[in-house]
Amino acid sequence: NNTDTVVEFKNVNFTYPGSSELVLENIDFTIKKGETIGIIGGTGSGKSTIINLIMRYYDITSGELLLF
């Protein structure tokens, strides 16, 4: 683990509770200390879901979400 890493998504998949539809599939990215990122995409593309996962409002379905 790099000590500069703050958030890391490793092959993250997510399905909302009670649904069988995969909302996020195989998401991989790393945010390092001091970086500013932008999450862009159309309506329903998963932007808010990614933020909600980082905030731990939901647990991922599979993969790893690391918060340092």
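Treat the numbers as computed from the prediction; the structure is a model and nothing was measured.
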Asker: In Å and rounded to the nearest 0.5 Å, what is the CG to CZ distance from N52 to F14?
Answerer: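 The CG atom of N52 sits 8.0 Å away from the CZ atom of F14.
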Asker: Cluster question for you: counting only ILVMFWY and a side-chain heavy-atom cut-off of under 4.5 Å, with indirect links fine, are F29 and V12 together?
Answerer: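 Linked, F29 and V12 end up in one cluster.
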Asker: Can you find a side-chain donor-acceptor pair between S62 and N13 that sits under 3.5 Å?
Answerer: yes
Asker: Under 3.5 Å, is there a donor-acceptor pair linking the side chains of T49 and Y16?
Answerer: yes
Asker: Calculate, to the nearest 0.5 Å, the distance between atoms OG and CG belonging to S48 and L53 respectively.
Answerer: 11.0 Å
Asker: Does L22 share a hydrophobic cluster with Y58, counting links as ILVMFWY side-chain heavy atoms below 4.5 Å and allowing steps through other members?
Answerer: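 In one cluster with L22: Y58, no.
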Asker: Using atom types as modelled and distance alone, determine if a side-chain donor or acceptor of K10 lies under 3.5 Å from a backbone N or O of D28.
Answerer: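 Such a contact is absent between K10 side chain and D28 backbone.
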Asker: What distance separates I31 CD1 from T5 OG1, expressed to the nearest 0.5 Å?
Answerer: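 The CD1 atom of I31 sits 10.0 Å away from the OG1 atom of T5.
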Asker: When rounded to the nearest 0.5 angstrom, what is the spacing between CD1 in I50 and CD1 in I37?
Answerer: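 So the gap between those two atoms works out to 8.0 Å.
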Asker: Counting only heavy atoms from other residues, nucleotides and ligands, does the tally under 6.0 Å from NZ of K47 exceed 12?
Answerer: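 It does: K47 NZ has more than 12 such atoms within range.
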Asker: Please find the pair of heavy atoms, one from L65 and one from F9, that lie closest to each other, and give the distance.
Answerer: CD1-CE1, 3.2 Å
Asker: State, with a plain yes or no, whether a side-chain heavy atom of L66 is found less than 4.5 Å away from one of V7.
Answerer: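 The answer is no; the side chains never approach within 4.5 Å.
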Asker: Calculate, to the nearest 0.5 Å, the distance between atoms CZ and OG1 belonging to F68 and T30 respectively.
Answerer: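 Answer for the CZ-OG1 pair, F68 versus T30, is 8.5 Å.
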Asker: For T15, does its backbone N or O pair with a side-chain atom of T61 as donor and acceptor, under 3.5 Å?
Answerer: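 Flag set: sc T61 to bb T15 pair under 3.5 Å.
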